[in-house]
Structures are given as structure tokens and as C-alpha cells.
There are 2 protein chains.
Amino acid sequence: MTETSGSGDVHRSLALLWDPTGGPARGQPGRLSLEAVVDAAISVADADGLEAVSMRRIAGELGVGTMSLYRHVPGKEELLDLMLDRVLGDDDPTPFPVDWRATLERYGREVWALYRTHRWLPFVDQSRPLLGPRAVTGMEAVLGGLTDTPASDTHKILAFSMVETYVAGLARVTNGAELAEERSGVSTEEFWQAQGPVLVAAMQSGRFPRMAALDEEVFATTPEETFEFGLGVLLDGLAPRLGGTAVDSAG
Amino acid sequence: MTETSGSGDVHRSLALLWDPTGGPARGQPGRLSLEAVVDAAISVADADGLEAVSMRRIAGELGVGTMSLYRHVPGKEELLDLMLDRVLGDDDPTPFPVDWRATLERYGREVWALYRTHRWLPFVDQSRPLLGPRAVTGMEAVLGGLTDTPASDTHKILAFSMVETYVAGLARVTNGAELAEERSGVSTEEFWQAQGPVLVAAMQSGRFPRMAALDEEVFATTPEETFEFGLGVLLDGLAPRLGGTAVDSAG
DNA sequence: TCTTCTTGCGTACACTATACGCATCACTCT
DNA sequence: AGAGTGATGCGTATAGTGTACGCAAGAAGA
């Protein structure tokens, strides 16, 4: 699976993000809308993955010509940015408790759930995130939950984005494995078994004693278990930097 | 930037990874070799990024016909897998100290350095990692450094891959921003300034008081500072699970 | 020498994004 | 009502992608 880039024309994308009003009421009304295009793209991505999202496919899904899409979206990169902001959800989030640990924990779980629902999401490049209204709203809500820590704003942002980065990375691995399984028809188990013979030979060579001694079930950890482990590590590691108090738990 | 997938024909790739011998000495000797193809691909990726790595481009770089590459590599996905194992370096790594914290710290720094040297690397999908000889060698070395912890093998692997996942995620963001800057000619600063007007308007709306109150320099953290923060958090968070002792440091 | 096997590669096909230009139609102004 | 304006939908064309197929050339074994 190959990475997909966002961020084309910044001004144009921002305008579409913050001002989705239907434009001037001159000329033909138009049966196609920006919202319809973005929604169709998300449907395709949810159903068949990010690499199935092509302009032809979206247009076909909507029953219009391919180039008609370009009347509402500057290009594919901008479309991806719009998809990102769209899936963040419409409604105002329920406020976070004023408790940095509970806030970051809930935020981590929400992001994880979101990335698991839209499995293409962690594969969209976010190195230049366009700040849409929903993204800003969500960030504002998280900041509201972090007001109980004496840490600097810089540390708050660092903590916030570290949770995001880790969860996105884990979701990439998890979703990638699932999608590869569905697409190739080769299950993850079969995939590792296919590597078996070579690995067995390597193990028997005696060059990798510690790897050879590993129990097989070591790699059987479920995504949810991995996520819980990781989230716990993050919160415990952030504690000395945000809480000023001792570590709360261990697992 | 769009995500690139590895993992095509597993058996074929594994054979190429572990047995790069030149094949039977029948027929024409052949001036092209697997190693040359992989090296050329890495050169292109280092110079112009992952999306510049096309079969035509690699062939052109080697002065051969495009389809000649397919005599040595089953396809592009397999080529990416081979590139991955190749950049892990040839030589045996210097052994890790028997100290889980020092080991994971050094491992994290090495992975970070590697991902920063080959900036395309964190964009290659690793959800189905092919275990090449160099990858196995590296993992064996890390396991050797983790023998001082009473934690289970499962927890060792979890800790190990958590460092990998986080560093890869951070490198994706960092490298992605740099590459976008070089490719588009729009600097990161200009990019954020382009978002300025819209964001200022949003801030002045009063709907985002906490975001509006953020100091500007909050987003000026350098990649290295972010990495150091993250690595410290990880090690501190892993301590109660691996060390059985109290937290060592805070920053 | 003749057969066999391998390499190199030209051509073709099915995809991708998107630049350009034209016909169509609705609304606004005269 | 009629003319003018401007946006919409979209057909065509271009430049790129990965790769299946088949053929010519040449070296080693029989």
C-alpha cells in the first residue's frame, strides 16, 4: 500500500473547508455538490480502500462524468484533505473532564475508534494538516481538558500530538494487515507460515538463538491488547511531565 | 504523498532476500543484477522521493530496458521489500548492553537516524514485514539487550515494536513536512501563514478561546526536541512494565 | 553442431490524474 | 421579452504508471 498525499492548493482547500456555501446563484444550479463528492469518496474508501479512490471511480459512483468533479474540487489532494475533516464528525464533542490523564485517555480511544472505523484514514499523509473546522473544534475540546496541568503549552501540544502519532502508527500496522489479508486472500497466519520454512532454517542455523527461543504466541497479541498496552505506557510516561505527581498505574 | 505497498509474492521475495546467489550458470551471463536494481531504486528514492521510484526511472538510471528489471525482481512491491532490508546495513551491529532501558534508547536513536537518512523509508507500508536477514539480525541483537528484565517475551516484543511504531510515525510527519517543502517550494512557515487569515478569523470568532490563547512558538518545536521528548516518555512509561523499578527521569 | 536455457527488451494494455475547450442552461439586467 | 453573463457538465487528449506477452540473441551442455 502506498502513501497518499494531501495538501495541494492551500488557499483553495481552506476556502472549501471553512466556507462550503454553494457559491453565487448565477448560472446553472448544478446537480453535483462538494458534499456529494466528498461523501462518495469516503464511501469508496470505506468500502474498497484508499487505492480504490480514483476520480473515475467516484464519478462513476455518482453517475457523472469524470471531469465534472473538478468543478467542485481543485484536485485529488484537496479531496483527501476534505475527506479527512469530514470524517471527524459533525456534532460538538461532549466536553472533556478537566483531568489531563482522563482527557488524553479518552482522546486516544476516540482516535483509535475513528481510525479503526475508517481504515484508510491513517494512510492519508498528514504532514501538512489542513486545519478544518472540525479539527480545530476537537483540539479546542482537548485543550479544555488539559487545564489542570501546570505544564507549558508546548508540553501540552507535545503530549497531545504524541498520542495522535502513536495511535495513527498502530492503526496503520493493524489496518494494513487486515486490508492486505482481505485484498490478497492470504490470511495473516498463512503469510507467516509462508515465511516459516525460511525462518526455521535461519533459526536452526544457530545465528539467532534468542529469536529461536521465542514462544510462538508472542506474535499472537491482538490489536486491542497492543493498543491498551501502548496507551498505558504513554499515559504513565507523560505523568512526570504533565502531572507533577507519581506514576498512577502499571500493567 | 500516497502510501506505497510492499508484500507481493511472499515466497519469491523471501528467496531473493535470503538467497541472493546469481542463479544457474546457464544461458547468457547477464549484465544486470538484483543488487544493482535494488541499489538504483534506493538511489532514486533517496534523491527524489518514493513517488519518483518507477520501473521506467530505475531502468533509465541503469541504462537498460524497463522490462529487463522483471528478470531480477518479481514486481514493484517485492522491490520495495528488498529496499527495506537493504538499507538496514550490512555489518553486524555492535552488541547492545544488557540493560533494557539503554538498549531501547539506543535502538530508538538508531531507527530515528535511519529514518531521517532515508526519508522515504517510513512511508513504505510495513504491515506485513518480510523478515530479511538484516532485520532478523537486528532484532536478535535487541533481544540480547533485554535479558535483564523479568518481563515476559510478549512484553519485550510489545515494548520493542512500540518504539518502532512511534519513531516511524514521528519520522513520517517530520520527513513528510520536509519533502512537501522541497517539492512544492512552499516552506512550512509559508504554509502555516497561508492558513493564517482563515485561522485568525476563526480565533476571533470566540469559538476557540483556548486555541486563540496559545503562544505562537508552541508549534516551533524542532523534530529533534520532539523526538527526545517522545523517547523519554516511552522509556519512562515502559519502566514499570519492564524494569520493576521506579521511574528514572523526567524532562 | 544442436539443443536448451537465460537474459534483455519492444510492444501493448489497462489504468491513473488532469489541462483544455465547448455546449448548455439559469439567472440578471436592459 | 431579449440579451448578456457566468457557471456547470463533460468529451477529448496528454503524460504518466505497472506489467503481461513474446521474440531475438547468446552462452553452456550434450
Side-chain angles (χ1 to χ4, degrees), chain A residues 1-9 12 15-16 21-37 40-41 44-45 48-83 183, chain B residues 1-9 12-13 16 21-37 40-41 44-45 48-83 183:
Chain A
M1 168 168 312
T2 301
E3 184 104 357
T4 311
S5 82
S7 303
D9 184 336
R12 191 98 173 71
L16 290 171
T21 62
R26 190 70 151 277
Q28 211 163 251
R31 50 198 177 90
L32 203 52
S33 72
L34 170 65
E35 203 184 15
V37 173
V44 171
D48 295 336
L50 202 56
E51 78 290 332
V53 177
S54 72
M55 300 307 264
R56 277 169 174 54
R57 169 74 184 273
I58 298 170
E61 217 79 23
L62 290 167
V64 301
T66 306
M67 293 312 290
S68 306
L69 303 180
Y70 288 90
R71 288 287 170 196
H72 300 86
V73 170
K76 197 184 179 184
E77 297 198 352
E78 291 81 357
L79 175 56
L80 288 168
D81 283 329
L82 295 171
M83 289 168 69
R183 268 199 289 271
Chain B
M1 170 169 315
T2 302
E3 183 104 357
T4 311
S5 85
S7 304
D9 184 337
R12 192 98 173 71
S13 301
L16 291 171
T21 64
R26 189 70 153 275
Q28 211 163 253
R31 50 197 176 90
L32 203 53
S33 73
L34 170 64
E35 202 185 15
V37 173
V44 171
D48 295 335
L50 201 55
E51 77 290 333
V53 178
S54 73
M55 301 306 265
R56 280 169 173 76
R57 168 74 184 272
I58 297 170
E61 217 79 24
L62 290 167
V64 301
T66 306
M67 292 314 290
S68 306
L69 303 179
Y70 287 90
R71 288 287 170 198
H72 300 85
V73 170
K76 196 185 179 182
E77 297 197 351
E78 290 82 357
L79 176 56
L80 287 168
D81 283 329
L82 295 171
M83 290 169 67
R183 268 199 289 272

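To find a chain, count down the sequence lines: A is the first, B the second, and so on, and within it residues start at 1.
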Please report the distance, rounded to the nearest Å, between CG in B:Leu34 and P in C:dT7. 12 Å

Distance in angstrom units between B:Glu51 CD and D:dG18 P, rounded: 12 Å

Check the distance between C:dC20's C1' and A:Leu69's CG and give it to me in whole angstrom. 17 Å

Could you tell me how far apart B:Met55 (CE) and C:dA12 (P) are, to the nearest whole angstrom? 21 Å

With the side chain defined as heavy atoms from C-beta on, B:Lys76 is closest, among D:dG18, D:dG9, C:dG8, to D:dG18

Write down the atom of B:Ala41, the atom of B:Val53, and the distance for their closest heavy-atom approach. O-CG2, 3.9 Å

Verify the contact: side-chain N or O of A:Ser68 to OP1 or OP2 of D:dT8, cut-off strictly under 4.0 Å; return yes or no. no

Donor-acceptor pair, side chain of B:His72 and main chain of B:Leu32, under 3.5 angstrom: yes

Does A:His72 make a side-chain N or O approach to OP1 or OP2 of D:dG9 shorter than 4.0 Å? yes

Between P of C:dT16 and CG of A:Leu50, the distance in whole Å: 13 Å

Are any non-hydrogen side-chain atoms of B:Leu79 and B:Leu69 less than 4.5 angstrom apart? no

d(B:Glu78 CD, B:Leu34 CG) to nearest 0.5 Å is 11.5 Å

Among C:dA17, C:dC9, D:dT19, which is the nearest nucleotide to the side chain of B:Val64? C:dC9

Looking at B:Arg56 and D:dG18, is any side-chain donor or acceptor paired with a base atom of the opposite kind under 3.5 Å? yes

Starting the side chain at C-beta, find the nucleotide from D:dC10, C:dG8, C:dT16 nearest to A:Met67. D:dC10

Rounded distance (Å) that lies between atom P of C:dC15 and atom CD1 of A:Ile58: 17 Å

If I take atom CZ in residue B:Arg31 and atom P in nucleotide D:dA25, what distance separates them, rounded to the nearest angstrom? 15 Å

By nearest atom, which of the nucleotides D:dC10, C:dA17, D:dT19 is closest to the B:Tyr70 side chain? D:dT19

Test log, rule side-chain contact (heavy atoms from CB on, under 4.5 Å), inputs A:Val37 and A:Leu82: CA-CA 10 Å; A:Val37 173; A:Leu82 295 171; over 6 Å; no

Quick one: B:Arg57 CZ to D:dA15 P, roughly how many Å, whole number? 19 Å

Ignoring the backbone of A:Arg71, work out which of D:dG22, D:dC10, C:dT16 is nearest its side chain. D:dC10

